[in-house]
Amino acid sequence: MVMVNEPLLNGNEKKYINECIDTNWISSEGPFVKKFETQMAEYIGRKFATACSSGTAALDMAVSSLELQEGDEVIIPTFTIISCAQALTKLGVRPVLVDCEYDTFNMKVGDIESKITSKTKAIMIVHIFGLTVDIDPVLDLAKRYNLKVIEDAAQAIGQDYKNKKCGSFGDISIFSFYPNKLITTGEGGMVLCDDDSLDKRMKSLRNLCFGPQRFVHNEIGFNYRMTNMQAALGVAQLERIDQNVEKKRWIGKTYNGLLQDLDMINLPVKSTNYCENIYWVYAITLRDDFPKTAKQVMSELGKYKIGTRPFFYPMHQQPVFNKARLFLKDKLPISKKLYEKGFYIPSGLALTELQMEEVSELLHKVLI
Ligand SMILES: *Cc1c(COP(=O)(O)O)cnc(C)c1O
């Protein structure tokens with residue numbers, strides 16, 4: 001079986017985890033948590049970082065910190081993970097959806113302005129599959145309309161936008177360290193910002209909003225703390241971020257060569273005016289005239305033990321939101337088509353050249 005995403009834990013992971021056990025520091029009070037936060041903030045070029053239990057938790061904290069009111073609106077892409085939308089709907093805030101570009105999978109930045117209303121309070125940008133959102137025009141809009149920007153850079157750890165690190169843009173940025181991300185802590189996430197009081201707020205939200213007087217609370221928070229063991233993994237992983245980025249780009253380049261003769265599929269875009277693909281996953285789409293759906297192709301590859309994943313199911317079609325009468329009038333055809341045509345093939349950091357050749361051979365067999 002070639003797994004769709006296998007992580008690589010070949011640095012100091014074991015050594016640092018052993019340190020946690022040997023010293024009995026296993027909770028979030030242990031020293032690796034602060035170390036991981038400081039080192040990530042420095043690597044990304046942000047002042048403050050708050051490690052937490054997942055990327056989803058990080059989005060919850062980021063959105064909660066904005067102190068939005070029920071009925072407020074936040075503009076987000078429709079082609080993303082549900083975590084982005086549920087962080088808003090839980091608070092009674094309305095996600096306003098923007099379609100994506102067919103080739104880069106990222107939100108159509110040109111469509112944002114027409115969605116801004118008097119209730120709009122923020123824009124959430126999400127980098128998808130290895131290419132970035134075109135951030136500068138979003139920052140311009142945010143400035144003109146006085147909106148906050150949240151950057152979800154979960155899939156873009158180590159990626160640059162115009163030679164500046166993803167996760168350094170907007171008011172608040174977040175990462176996930178799930179095992180398929182560029183560095184992993186097993187489960188984990190992080191919120192970053194440059195504002196001291198915002199950072200204090202994140203740390204309070206992460207830890208149940210304890211007041212100055214222990215066990216007296218003026219506000220409701222979360223327990224989204226990261227353990228010392230997770231952070232130990234993170235510190236070891238971050239030591240290897242440059243190699244990980246290089247490996248992802250090598251995987252992308254190798255597949256580009258192996259699959260270039262398959263004219264029934266579109267290969268990922270190599271670069272845009274503002275970024276070089278980091279190939280977080282190697283995402284392909286079937287050409288319009290190809291008779292099978294992505295679902296059929298994925299199922300045939302599965303029979304040959306090649307792991308694949310479908311694309312995001314567009315937010316405006318999510319049954320859970322439609323049941324709540326959300327997005328019923330949204331027409332966002334590009335993301336809808338992407339879901340039908342697209343899937344990704346094994347692209348984890350542990351992938352070998354031999355495995356890629358096997359994937360290519362079987363992809364040829366299934367498609368031709
Ligand atoms: C993975 C991911 C998340 C969620 O992270 P978890 O750690 O799995 O909760 C959020 N946003 C994006 C874009 C992601 O890819």
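Atoms within each ligand, like the ligands themselves, are counted from 1 in listed order. None of the values given here were measured: they were computed from a predicted structure.
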key: ligand 1 contact by K181, heavy-atom criterion under 4.0 angstrom   =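 K181 counts as a contact of ligand 1 under the 4.0 Å cut-off.
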ask   = Among the heavy atoms of A57, does any lie under 4.0 Å from an atom of ligand 1?
value = no
task = Under the side chain to side chain contact (heavy atoms under 4.5 Å, CB included) rule, collect the residues that match up with K295, sequence neighbours excluded.
result = T293
ask   = Considering only the protein, which heavy-atom contact is closest to atom 9 (O) of ligand 1, and what is its distance?
value = T56 OG1, 2.5 Å
task = Distance to 0.1 Å, residue and atom name: give those for the protein heavy atom nearest to atom 15 (O) of ligand 1.
result =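 Looking at atom 15 (O) of ligand 1, the protein heavy atom closest to it is Q155 NE2, 2.8 Å.
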List every atom of ligand 1 that sits less than 4.0 Å from any heavy atom of [X], numbering the atoms from 1 in the order shown and giving each element.
{"X": "V126", "answer": "13 (C)"}
{"X": "S54", "answer": "7 (O), 9 (O)"}
{"X": "I81", "answer": "10 (C), 11 (N), 12 (C)"}
{"X": "G188", "answer": "7 (O)"}

request  = State, to 0.1 Å, how close T56 and S83 come at their nearest heavy-atom pair, and which atoms those are.
outcome  = OG1-OG, 2.9 Å
query = Can we call the ring centroids of F215 and F210 under 6.0 Å apart?
reply =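 Ring-ring flag for F215/F210: true, centres closer than 6.0 Å.
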task = Please confirm whether S83 comes within less than 3.5 Å of ligand 1 when only nitrogen or oxygen atoms on both sides are compared.
result =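 No, since none of the N or O atoms of S83 sits under 3.5 Å from an N or O of ligand 1.
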ask   = Hey, any chance Y43 and L182 share a hydrophobic cluster, counting ILVMFWY side chains that come within less than 4.5 Å of each other, even indirectly?
value = yes
task = Please say whether more than 12 non-hydrogen atoms of neighbouring residues, nucleotides or ligands are located less than 6.0 Å from CD in E357.
result =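 Yes - once you tally the heavy atoms of other residues, nucleotides and ligands closer than 6.0 Å, there are more than 12.
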key: Contacts of K148 that satisfy salt bridge (charged side-chain N to carboxylate O under 4.0 Å, His left out) - sequence neighbours left out   =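 By the salt bridge (charged side-chain N to carboxylate O under 4.0 Å, His left out) rule, K148 matches no residue at all.
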ask   = Which class fits the ring pair Y161 and Y274: parallel under 30°, tilted 30 to 60°, perpendicular over 60°?
value = tilted
inquiry  = Please compare D152, I82, I128, I174 and report which has the shortest non-hydrogen distance to atom 13 (C) of ligand 1.
reply    =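 Nearest option to atom 13 (C) of ligand 1, by heavy atoms: D152.
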